There are 2 protein chains.
Amino acid sequence: MDQRRNSAPDAARGGGDSAGETGVNAIGLPRSGGVGNQLRKIVTLSRDFERHVGAALDVNATDLSAMEHLMVSGSLTPSELSRRLDISTAATTLVVDRLVALGHAQRHPHASDRRKVVVVPAAASVARAVDELMPVIGGVASLTQELSPEERTVIEAFLTRVVGVYESALAPDRAMDAGGPSAA
Amino acid sequence: MDQRRNSAPDAARGGGDSAGETGVNAIGLPRSGGVGNQLRKIVTLSRDFERHVGAALDVNATDLSAMEHLMVSGSLTPSELSRRLDISTAATTLVVDRLVALGHAQRHPHASDRRKVVVVPAAASVARAVDELMPVIGGVASLTQELSPEERTVIEAFLTRVVGVYESALAPDRAMDAGGPSAA
DNA sequence: CAAACATAGCTAGGATGCTTAGCAATAAGG
DNA sequence: CCTTATTGCTAAGCATCCTAGCTATGTTTG
């Protein structure tokens with residue numbers, strides 16, 4: 001979170017780190033212009049930002065993701081949490097243990113199924129998380145609201161197609177979800 | 001990568017998971033409309049995609065990130081790699097060990113500084129990585145080229161502002177980095 | 001109703017990947 | 001030459017994940 005420059009004084013052969021934004025880089029990958037570059041930056045920055053929020057709440061990436069799911073859904077069982085986090089139920093037990101130990105969540109018995117446990121996020125922790133997340137969520141919301149309807153339409157359509165590109169790349173077989181982009 | 005639905009039959013209190021895309025969710029966070037939603041999807045999908053690429057090359061997330069830096073820069077010293085990955089130099093030694101063991105990179109002595117080591121990515125591994133990355137990189141590039149100049153301008157300006165939002169959120173003090181092209 | 005099967009959450013033991021601390025070799029400066 | 005900084009490495013420890021397996025509870029079936 002301190003040094004993320006491209007000044008690569010140690011790059012060993014060829015200072016080819018500054019291949020520009022519209023050309024190709026050292027290995028011939030097309031840079032896809034400024035738009036692709038900005039998308040890449042957003043992905044990287046969002047990861048940095050999540051780490052920042054996690055540090056603010058003293059939780060690791062997995063636990064923060066769990067908190068986000070809990071905040072969105074209000075409460076979840078460990079099983080459901082393990083499905084959403086894509087980790088084992090054993091690891092989820094530890095995730096909940098850590099969240100409980102920090103006071104970020106509580107375990108409650110399920111009302112009708114005594115096998116189940118209900119994990120509820122602590123109000124204070126939710127408030128702190130929202131405080132941390134608001135700059136970005138609110139910032140993007142503000143940017144979106146400043147757009148004209150036409151601009152918003154253009155941007156949303158483009159982003160939807162980008163989502164389609166990712167989904168096609170991830171699941172070449174069943175990628176008919178976000179409308180097949182012509183580039184597929 | 002199999003179940004990522006929002007059908008939350010286990011949500012314990014209030015099925016408030018379907019708060020819609022334009023309203024607020026269970027805790028009152030504004031959803032910032034479809035644009036914010038698509039951005040979030042892109043971030044999530046790009047993480048999934050990186051995992052997918054990493055699996056294809058038999059490397060973990062850190063090692064894949066190292067490979068990406070190596071591909072972009074052509075070659076790097078372990079120290080520079082550790083700075084870019086934001087991990088300790090000790091961890092970087094292990095990263096390079098793993099890449100070398102898999103044949104993805106090689107260690108070479110530095111030409112003029114005998115303390116240094118130069119890590120060079122293997123051509124075959126770079127080719128495989130590019131093969132895996134092309135569907136997304138090329139797909140986004142294609143989408144961008146299909147845009148009209150006006151659309152591209154609108155989208156790039158918006159994405160640049162989103163980048164600014166993230167940077168402001170991460171570094172409230174020194175957020176004048178992405179060269180504030182407020183509209184272009 | 002009772003036996004068989006399924007589900008939920010937990011514990012135990014092992015693997016992976018990160019950290020801090022400290023080392024030897026090399027470079028740079030007085 | 002002698003001191004200090006830098007580089008890359010090793011060693012020991014910690015955090016987090018996984019698989020395997022257990023108990024308790026729920027569900028199905030004869």
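So you know, we letter chains A, B, ... as the sequences are listed, proteins then strands, and number each from 1. Note that the structure is a prediction, hence the values are computed from the model and not measured.
- Taking atom NE2 of residue B:His110 and atom P of nucleotide D:dC9, one finds them 14 Å apart after rounding to whole Å.
- Contact between the side-chain N/O atoms of B:Arg114 and the OP1/OP2 oxygens of C:dA27 is found at a separation under 4.0 Å.
- Between B:Ser88 and C:dC18 there is no side-chain polar atom (N or O) within less than 4.0 angstrom of OP1 or OP2.
- Rounded to whole Å, atom P of D:dC9 lies 7 Å from atom CG of B:Asp97.
- DNA chain C is contacted by B:Asn60, B:Thr62 of residues 55-69 of chain B, taking any non-hydrogen atom closer than 4.0 Å.
- For A:Thr62, the side-chain contact (heavy atoms from CB on, under 4.5 Å) test picks out A:Asn60, A:Leu85, A:Ile87, A:Val95, with sequence neighbours left out.
- The interatomic distance linking B:Lys116 (NZ) with D:dA5 (P) rounds to 17 Å, in whole Å.
- Judged by distance alone, the side chains of A:His52 and A:Glu50 never bring a donor and an acceptor atom under 3.5 Å apart.
- Residues A:Val119 and A:Ala105 approach most closely at CG1-CB, 3.9 Å, considering heavy atoms.
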Extract from the structure each pairing of a protein N or O with an N or O of nucleotides 28-30 of chain C at less than 3.5 Å, listing the distance.
none

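- Following rounding to the nearest Å, B:Leu94 (CG) and D:dA15 (P) show an atom-to-atom distance of 18 Å.
- Here the straight-line distance linking atom CE of B:Met67 with atom CZ of B:Arg128 works out to 9.5 Å at 0.5 Å rounding.
- Checking D:dA20, C:dT19, D:dC9 against the side-chain heavy atoms of B:Ile87 singles out C:dT19 as nearest.
- When the options A:Thr93, A:Val118, A:Thr92 are evaluated for a side chain to side chain contact (heavy atoms under 4.5 Å, CB included) with A:Pro78, the one that passes is A:Thr92.
- Classification of A:Asp48 and A:Lys41 as a salt-bridged pair fails, no side-chain N sitting under 4.0 Å from a carboxylate O.
- Side-chain proximity of B:Ala90 to C:dT19, C:dC18, D:dT19: nearest is C:dT19.
- Taking atom CD on A:Glu80 and atom C1' on C:dT7, their separation rounds to 14 Å, with Å as the unit.
- Atom CG in A:Leu76 sits about 13 Å away from atom P in C:dA8, given to the nearest Å.
- If you check every strand for non-hydrogen atoms under 4.0 Å, A:Ala91 touches sugar and phosphate atoms only.
- Using modelled atom types, one finds a donor on one side chain and an acceptor on the other under 3.5 Å when comparing A:Arg84 with A:Ser73.
- When heavy atoms are screened at a 4.0 angstrom cut-off, B:Ser112 is found touching the sugar-phosphate backbone but no base atom.
- The side chain of A:Arg107 places an N or O atom within less than 4.0 Å of a non-bridging phosphate oxygen (OP1 or OP2) of C:dC10.
- Between B:His104 and B:Leu57, the shortest heavy-atom distance links the atoms NE2-O, 2.9 Å.
- Expressed to the nearest 0.5 Å, how far CE of B:Met71 lies from CG of B:Leu133 amounts to 5.5 Å.
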